[in-house]
Amino acid sequence: MTWEGLAPMAKIEVVVDGDRVPAIRELFVEAGFTGYTGVSGVSGFGHHGPHQGRLLFNDRASLTMLITVVPEEKVPGLVAGLRRFFEGHRGVFFVTETHVSRPDYFR
Amino acid sequence: MTKLLLIAAPTLPALAALAILVARPLGERPARWAVRTTTASFAAALVVAVAVGVGDPISAVVEQRDHSALFGFYASQVSVVLGLLTTGVGLVVQSFARRALRGDPRERRFFVLASLLTAATTTVAFAATLGLLCLSWVVAGMSIAALVGHRAGWEPAQRAARRTRDNLRTGDAALLIGVVIAARAVGEIDLRSPGAAAAQLATKSVPVLGVSAASVVAVLLVLAAISRSALVPLHAWLPATVGAPTPVSALLHAGVVNGGGVLLVRLAPVMGFSPLATHLAFAAGAVTACYATAVMLVRSDIKGSLAWSTAGQMGFMTVQVAVGALPAALLHIVGHGMYKASLFLGSGGAITAHLQHRHRPDPPRAVPRGPRLVIALVVPAAALGAAYAVIDPHLTASARLLVTVFALATAARATDGWLRSAPFPPAGAIATATLGAVAGIFAYIGGLAALEEFITPALPGEVDHAVSWVVLAATLVAIALAGIAVWFRPGEPGRRQRALVYALVLSTAAPTSRRSETVDPTVDRTPRRHDDRPRIEGYADILVDVAQAADVLAPLWPLTSFVAVNPLLGLQHLSFDEATAAARRWLGARTHLSLAEFRAAHRRDDITDGDLRRAIVEVDWELASQPSVQVGDRTVDAVEVVRLDLLVGPEDADHEATSRDRTGAGAARVADELVARWCAAYIDERGVAWAMPQRDRGFFQAWRALAPHDRRLRRLVGPVGMEWLSHLPDRPAAALGVSLDALGVADSDRVDALREHLGRIPGWAGYAHWQDEWAPPDDHRHQLRLLDLVAVHVAATAAAAHGAPARQLATPPNGELLDARTEAVVAALGGSADDPVATSAVQEILQQVPQPVRSSMWLAAHEGNFRDRLLGLLNRPDPGSSADRPDVQAAFCIDARSEGLRRHLESFGPYDTIGFAGFFGVPMRWRPFGSNASHPCCPVLVTPNHEVTELPLGADEAAQAIAVRRAAGAGHDAFHAAKDSLVGPFALAEAAGYLLGPVSAARTLAPSLVHRTAELLRPRGSSLRTRPAVASERDPGSGLALEERAFFAEAIVKTMGLTRFARLLVLCGHGSQNINNPHSSSYDCGACGGAPGGPSARVAAAILNDPAVRAELVDRGITVPDDTYVVAAQHDTVSDVVTVLDREDVPDSHERLVAAFERDVALAGARLAQERAQRLPGNPAKVRARGRDWAQVRPEWGLAGNAAFVVGPRSITADLNLACRVFLHNYDADADPDGLALETILTAPLVVGQWISAQYYFSTVDPDVFGAGDKMLHNPVGGIGVLLGEGSDLQVGLPIQALAVGPERMHEPLRLLAVVQAPIECTESIIQRNQVLQELIGGQWITMAGRSHGGDQWSIRTPSGAWEAWSPADASIDRIEASLEVR
C-alpha cells in the first residue's frame, strides 16, 4: 500500500512495567532516536493476567506504553536490544510499518 | 597555690586515664570521669594563665645544683596560651564524645587515650625541660595513633593507624636523637631559658660530624616538626586519618599537629642557630602550603578537604616560624586549632547546610565586576594601612610582609564574596563591605598586637638565622607567577594545562597503596586489539545487560531528601528467598540475623519453641510428614530434629564470612577506590573551588580527559594499561564492550560480570541508578549515568588486570558442617554418635535443611511470634466508633511514631484520630518562601505535577525576611570566597577560629543555652506570616486549578474514610528538628519524600477549607458542613511538640476548640516523650532537647521497631499500646464499596511502608553492606551523601546509631506484617490485579493477615493465595504478653 507524499518508517511500540521505562528510554537515546511518546497507566489482560490501569498514588506500578517512529535502518539494533531485554522482563513490543509526513522529524 | 595548679593542669587528665584504665568503670562513668577531670584541668590552666598574665612566669620544677631544671613544669606567657588551647580543646571534644560515642564498644578506650592525649599535649606546652617535652611528645603521638585506629576490625582505620604511627615515629626518632645529642653536650635543656641553652649548645660540637651540636639539634627539631605537622614529604599520614571518629579528628587537627609549631616556637633560639634548619622548615612549609591547599580545593568530601586544609595551614604556620614571625605563628596555632576543631565537630551539618544554601533566595543584582574588584582590593588595603598606623604592631619585616599579603588576600576575597550577593543596593553593599573589612582587619591586627605584647617577654626576640624577608618576598612572587601562569593561560593550551594539573592534584591526593597490592606480575599485560564494532547495532545488548545487572542495586537518593527503600528493590520480582540468595551472591551480604542472634532472641522468649515448630513446617511442609527417628530412648519427629538443629547445631562460618569478603584486595580494591574518588570529584554539588574539568560532557568523557594524567591509575595499570586505555572507544557502551572482551567475559556471562562490578561499588552505582531512573527531570545535578560509571569501572579493572579473567566468586563450601550438626542434635537427644542408624536418620533430615533454609525458619519463627502478639491484641470484636459527631478529628501520618501521639491524645478526651499518608493526598512540589528551588512533597512513587509556593503576607515583613536571609547568604559567600581559595584560608583560619571556638564550646557544653540565645537573637523577619498559594486562579504559576483541588479533596475524604466531619479537623504532618546530622532527613516524613510534612498539611487544609472546593464536593456526593474548619499542624518527632500552623487564620468560632487541642496535644506530647525517653540512652530529662544538641547522634529512634501495617478503622486498635511499631491507616470498608480506596492504600502507602520496613530490616542484618556504618566516621561528600572515612563507596541505608546502642539492638529485623480489615474477596481481587502486590505478598516480602468484618477471626494469606485461619503457635493465647515492646 502506498501513501502519496508520505515517507515510510517503522513504528515501535513497547508495553513495559512502569519501573522499567527508564531502561527502554536509555535504549532509545543510545540508538539515537529523536523522540518518543509515553502512555502511562495502560490497563489490559495478557500473559500475566489482568493489569490494573492508572493508580491514584503510584505512577510506577502500572504498565506504560512507549511509542517511537524511526527510519527502518535503525530498527535492527534496537530490536536486538529489546529482544534481549524481554528475555528477562515482562512486557511486549511490536514493530510495524508506518508512514509519516515529516520524515526529518524522525531521523 | 599556682604552682600546684600548674602541676595539676597536665597531670589531672593523666590521672583520669590511669584511673579509667585500672578501675575499668562501667556505663557512663569513664566519660564522666574524663570530662570532669579535663574540666578541672582547664580551670587550672585558666587560673595559671591569669596569674601569669598579671604577674610573672611560674615554675614548678625540680632543679639541679646549678639551678637549671631537671624535671617539672613551667608556665610562661607562651605556655599558658598553648595550655589553654590543649585543655580547652580536650574539654570540648571529650564533652562532645561523651554523647556522640555513647554505646560505642570502645568508648572506655577512647576516654583513656583522649585523657592521655590531653595530658601529653598540655605537658608539651608546660614542660620545663626538653626531656619531659620529648617524653610527652612521644606519648601524644602514640595516643593519637591508637585513637586513629579506634574502629577495631575496620581495615582502613587500622591502615591509617599504622601509617600514622610509622610517620610519627620518624619525627619521634629525630627528636629523641636531638635530645640525646643535646643532653650529651650540655645536659638537660632548661626550657625556661632556651636562649641560654642554644648558646651553650653552640659551643659544643658533635663527635664524628664535627659540626656544632646546636646545628644538628636544630635540624633534628625541624625534622620532628615536619613529621608531626604533616609537612611534605611526611604529609601523607594526615589525610589517611579521615577514617578516625569525628572527635579524634578534632583532637588531632586542633592539638596534635600543632606540636611541630609548638616545638619550634618554644625552641626558636635553638632552631634559629642553624640557617639550614630555618630554610629547611621554610621550604617544607611553603611547598606544603601550596600543594595541600591546592588539594583541598579539589576535594568534595568535607573531612578530606579539612584534612588537606590542615596540612596547608601547618605549612603556612611553619613558614611563619621560619621567618621569625613567632607571635603570628602562635596566633595561627591557637586560631587554627579552634577553627579546625569547630569545623570537624560540625561536619555532620554539611548536608543540611547545603540544603539551606540551595533554598536561599536569589541574590539581588551584584555590584559589577570591575568596581567590585577595585573595592575588594582598595578597601582592605586602606583598612590595613590604617590599622598599622593606629595600632602599630611590632612586627619584623618578614612578619609584616606575611601579615600584609595574607590578611589582604583574605579580606579581599571575603569582600568580593560579600559584594557578589549582598542584599543591598550597590551603595549599601559597598558600605557594609567597607565596614566589615575595616572591622575585620582592625580586630585581626589588634588581636595580633595584643597577643604579641602578652607573649613577647617569653620569646627570644629575633630568631638569629630566620629566613630573610627578601627570600620570603621572592618566594611569594614566584608562587604568584606560577599560579597566574596556570590559572590565567588562555585558550585550549590553558584548558589542557589546568586539566593536567587538576588530574595530578586529584590523583596524588589519594592515599597510596602498597605497590605489591597493585601489580600482579603473573598477569598477561600484552595489549589487545580494540574491537571496532559499530555503535548501537553492536552494543544495544550491552545496554540491556547493564539495565538487567542493575537489578542488584537499589536507587540511592541524595541525603538532602532521604528515602527509605528496599535495598533489594530491583530483585523484588523474585521471592524474598531468591532475592536474598542473589544478594548474598552478588553483594556478599548477610541477609538474616546469625544463628547466634536468633538463639539469643529465643533465650529472651522473643521466639518460642512453638514458634519454631510452626515455622519449620511453614518453610518446609514435607518435614511434617516424614517418619520419626529413634535416637537413644527417644522417638522424635523430623520437625523436632530440625528444631534441635536450629537451637544447638553449629553456626555456618561461611555465613559470617560473606560480607567481609566483598572488599577484596589488591588491584580490585584500588580500582574501586579510584572510581569512588572520580565519582566524588565529578558529582560535587556543594561547589568545590576547583571543579572537575569537562564534567559538563558527562562522567565518562570527563574521566577520559582526566585518566591519562592520573598518576595513581598509572601506578595501578602500568604503561601498557595506560596505552590500552588511550585507545578505548569514545562511547561508553562501546568502551564497556571492549573492556568486557578484554576481561574475557563471554556474552552469556556478561550480566553476571556486570553485577559483580556493580556489587563492588553499590553506593555510587545506586546513586547513578537513582539519577537514571528516579531523579526528577529538572534535577540540576551533574548526571552520573550508570552506563558511564560501569564503563569506567570495568575499563579500569580491565586495564589493571589486562587479560586476566574476572574474579570468581567463592562458592560457600558445605563440608563437615553437616556432620557436626548431626552430632550436636544426636547429643541433644541423649543419643550416641556411635549409633549409625540414629546418626544416619538425623543426617538425612538435616540434609534437607541447608544454611539458608535454617535462616528462613528462624526468621519465620521470629515473625510468627510477633504476628501472634499483634493479632492476639487485635483479636477482639471491633466495637465500632461512636455515632455521635466528634468535636475534633485529628489526622496523623501513618508513620509508626504517630501511633504513640494518637494514643496519648485520645486519653485526654474524645478525639477521633485518623491515620493517613502524611502528604495528605496532595502530590506537589513545595517552594518555601524566598527559595529559588522547590522539592517534592509526596511519596517518590508519585510524580508531582503541581508546584505550590509559600507566599508572604505583608510586603514589608517579606522584604525584611528576604534581606535577612540574603545577608546570611552573602555572609556564607564571603566566608567561602576566602576559605575556598589558594591564598585566603590562612588569615581566615586565624581570625575565624577565635569566633568559632567559643561558639563550638558553648554548643557542646551548654546546647540549651545556645538554643535559647539563638531564639532571642532570631531576626524579626523569621516570624513572618505566610500562606501556601494553592489556587492557581488566584496565584498564576502556583497551585492547582479548582477541578484539580476538588479531585484531590474527594480523594482525601474517600481514602481517609471520612464519612462525617467534626467541627475541627486537624491535619498533622511530622518532621524532625535535629542538627549536625547528615541523615537528618531520614527522620522526616517518608510519605513526603524525606521532607517535613507541615507544608502538605497546610495545602490540604487550605483545599478543604476552600468554599469553592466544598461546593464542587457537593456535586461529588460529599458534604462538608459549614461549621467544619480544617487546620494544619506539624509534629516534631524529636521533642514531641505539636505546632498548629497558620494559627492566626483560625476563626473565632473555632478558637476554643483549637486551644483545647493545643493544650491536650501538648500533654500528649509530654507523655510520649517520657515514654520514648525510657528507650533512648542518656538523660531522660533532656529527651526533648536532643535535637538541639550537635553532639547527639541519636536525636530519636525514628522508625526503629516498625513491624506492621494495620489498615482498618481506628476502633480495632484503640486503647492498645502498639509501642510505636505499627503504621496505622484508617479504612472503612462500608464507605468504599468498590474497593478503590483500599486499592489506593495497598498500592501506595503499604508499598512505602514495606520500603521502610525493608530498609530497617537489611540495615540491621548487615550494617556493613546495607547500612551506612558509624555516624562518627561519616564524611559528607558533594552535598549528596556520606563516605565512610577516606575514599570509600557512597554509603547506603541507615547508620548503626539509628538502629542500636552498642550491642543492644533497637530494631527487630522482621518483614512487614500487613493487617487488613476489609472483605477478603475484595482484598484478594486487588492483589490479583496489581503486579506490585503479587510480587510483595506472593513473594513473601510482606505477610498479610485479614478479616472481612470486625467480628471475624483473623486469617493469614499463604503465598499460594489461600487464606487460612490464624491460630497462635502456643495454644494458650493468654500467655502472650500484651506488649509489642522490642526487648
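Below, chains carry the letters A, B, ... as their sequence lines are ordered, and counting in each starts from 1.
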For this output row, return yes or no: ring centroids of B:Phe919 and A:Phe57 closer than 6.0 angstrom.
yes
Between [options], which has the largest tally of heavy atom pairs under 4.5 Å with chain A?
| options | result |
| --- | --- |
| B:Gly921, B:Ala733, B:Pro939 | B:Gly921 |
| B:Asn1330, B:Leu1333, B:Val751, B:Val1332 | B:Asn1330 |
| B:Glu773, B:Gln1334, B:Gln1328 | B:Glu773 |

Is the ring pair B:His573/A:His89 parallel, tilted or perpendicular, if the boundaries are 30 and 60 degrees?
tilted
Classify the angle between the aromatic ring planes of B:Trp770 and B:Trp557 as parallel (below 30°), tilted (30 to 60°) or perpendicular (above 60°).
tilted
Atom group of A:Arg83 that falls short of 4.5 Å from chain B, counting heavy atoms:
neither
Please state whether the side chain, the backbone, both or neither of B:Leu786 comes within less than 4.5 Å of a heavy atom of chain A.
neither
Quick one: what part of B:Thr943 sits under 4.5 Å from any heavy atom of chain A, side chain, backbone, both or neither?
both
Walk me through whether B:Asp772 and B:Gln783 qualify under side chain to side chain donor-acceptor pair (under 3.5 Å).
CA-CA 8 Å; B:Asp772 279 357; B:Gln783 194 186 0; 3.2 Å; yes
Show, in sequence, the C-alpha distance, side-chain angles and deciding distance for B:Gln1331 and A:Asp17, and conclude whether the side chain to side chain donor-acceptor pair (under 3.5 Å) test is met.
CA-CA 9 Å; B:Gln1331 182 70 19; A:Asp17 283 331; over 6 Å; no
